[in-house]
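First up is the structure itself, then whatever we jot down about it.
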Number of protein chains: 2
Amino acid sequence: MAEKQLRRSLAILPMSTVMALTDLSARQIRYYETQALVHPARNEGNRRRYSLNDVDRLLEVKDGLASGMDFATMRRLYAKTHQVESTQLESKRLSDERARHLLEAEMQQLAGMRPPQSGLQQHL
Amino acid sequence: MAEKQLRRSLAILPMSTVMALTDLSARQIRYYETQALVHPARNEGNRRRYSLNDVDRLLEVKDGLASGMDFATMRRLYAKTHQVESTQLESKRLSDERARHLLEAEMQQLAGMRPPQSGLQQHL
DNA sequence: TCTTTCGTGTCATAAGTTCTGACATGAAAG
DNA sequence: CTTTCATGTCAGAACTTATGACACGAAAGA
C-alpha cells in the first residue's frame, strides 16, 4: 500500500524535463508550487526533482485552470486524494536498490488505477 | 511497433538521476558511451538526457562487467536486439502532446515484455 | 618481468541549468 | 479606479554537466 504510493513518487525529473512534458513554463511550475499544488523534492544542491506524481498533478492543474477552476478549489480537491507526494531518491531511508525496485513496480502499474480525471492517464 | 520502441526511449533523465538509479559514477556512464554501449540523447545545451532504455542498458552493462563479460561482446549482443535507443523529447519530429502519449503507454507496459536477462526488469 | 590495455578516479575550466527575489503587466475582480 | 491574479522577464549566485588530461592498480601480452 505505502509501496504503491512510493512507486509513483520517486523524484527523478529535473525542471527542464517537466517543462517539456507539461508544456508549462518554469515560472508557472514554480508558482503552482507556491500555491501548494505540487511539492517537488530537492536534491542535495537544492534543485527541484519531480516525480511522476508531480507531473501528473501539474497536468491536472493545467486542466483545472483551463476550465476556470481556482487554486483553492484544486488544493482542497487534491488534499483528499493524495498524501505521499514525492520521495527523494537520495534519501537515507531508501537504498538505490530499493528505489529501483519501486520505480519498476510503479511503471508496471502507472496506468489503470487512477480516477477518471485529467492527468497523465488522460494526457499521456 | 515503432511506437513500442519509442515509448521506452524518451530522453527525460539527467546524469544525476541515472547515477542514482544505476549506482554508477558519471565517469563510468560516459565511458560506456565511448564504448558504444549506450547512446543518450542531448538537449539543446548539449547535456545528456537518458531514456528508460538507456538506464536499462546501463544496468545490463553493469551486470555484464560483474560477470566478466567484455564490451565488445556486449556491444555485439545488444546490436542484434535493439535499434532505436532514444528519442529526444525536444525533437521537432515529436510534439510534447505526442511525447506524453508515448511515455504513458510505455510506462503501462514497461515490464513483462523483455527477455529474462538483467536490466530494469530484474533490478528494479 | 616489462609493457600495454582496461576501467575508473580525480582535476580543471568552460558552459549550461536552476534558484530566489524583484519589477512589470494585461486581465479579471471589486 | 484599484487590487489581485497568473505570468513574463532579468539579474546574480550557485549547482550541474561537458570535455580533456593525467594517474593508476589490475589484467593481459610479449
_Bending between helix ends of the helix from C:dT1-D:dA30 to C:dG30-D:dC1 [5 pairs per end, 10° resolution]_ =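 It comes to 30° between the two terminal axes.
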
*asked:* Can you tell me how far apart CG (B:L52) and CG (B:L10) are? Round to the nearest 0.5 Å.
replied: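 B:L52 atom CG to B:L10 atom CG measures 8.0 Å (nearest 0.5 Å).
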
*Any side-chain N or O of B:R48 less than 4.0 Å from the OP1 or OP2 oxygen of D:dT17?*
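For D:dT17, OP1/OP2 do not have a side-chain N/O of B:R48 under 4.0 Å.
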
*Are B:R47 and C:dT17 close enough that a side-chain N or O sits under 4.0 Å from OP1 or OP2?*
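Negative; the distance criterion is not met.
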
Pull out every protein N or O sitting under 3.5 Å from an N or O of nucleotides 27-30 of chain D, one pair per line with the distance.
none

*Report, as a single string ordered 5' to 3', how protein heavy atoms within less than 4.0 Å touch nucleotides 4-12 of chain C: B base, S sugar-phosphate only, - not at all.*
--SBBBB--

_Does any part of the side chain of B:K62, heavy atoms only, come nearer than 4.5 Å to the side chain of B:T22, both counted from C-beta?_
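No, every pair of side-chain atoms sits at 4.5 Å or beyond.
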
_So B:I12 and B:R49, do their side chains get closer than 4.5 Å, heavy atoms only?_
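No, side chains not in contact.
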
*With sequence neighbours excluded, what pairs up with B:A72 under the side chain to side chain contact (heavy atoms under 4.5 Å, CB included) test?*
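So B:A72 forms a side chain to side chain contact (heavy atoms under 4.5 Å, CB included) with B:D70, B:R75, B:R76.
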
Nearest to the [X] side chain among [options], which nucleotide is it?
| X | options | value |
| --- | --- | --- |
| A:S16 | C:dT17, C:dC19, D:dT19 | C:dT17 |
| B:N46 | D:dA18, C:dT17, C:dT18 | D:dA18 |
| B:R42 | D:dT16, D:dA18, C:dT17 | D:dA18 |

*Hey, could you give me each pair passing salt bridge (charged side-chain N to carboxylate O under 4.0 Å, His left out) that has a residue in residues 28-40 of chain B? Not counting sequence neighbours.*
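Residue pairs passing salt bridge (charged side-chain N to carboxylate O under 4.0 Å, His left out), neighbours aside: B:E33-B:R42, B:E33-B:R48.
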
*asked:* Listing request: all ring-ring contact (aromatic ring centres under 6.0 Å, His included) pairs with a residue in residues 13-36 of chain A, at least two apart in sequence or in separate chains.
replied: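 Found A:Y31-A:F71, A:Y32-A:F71.
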
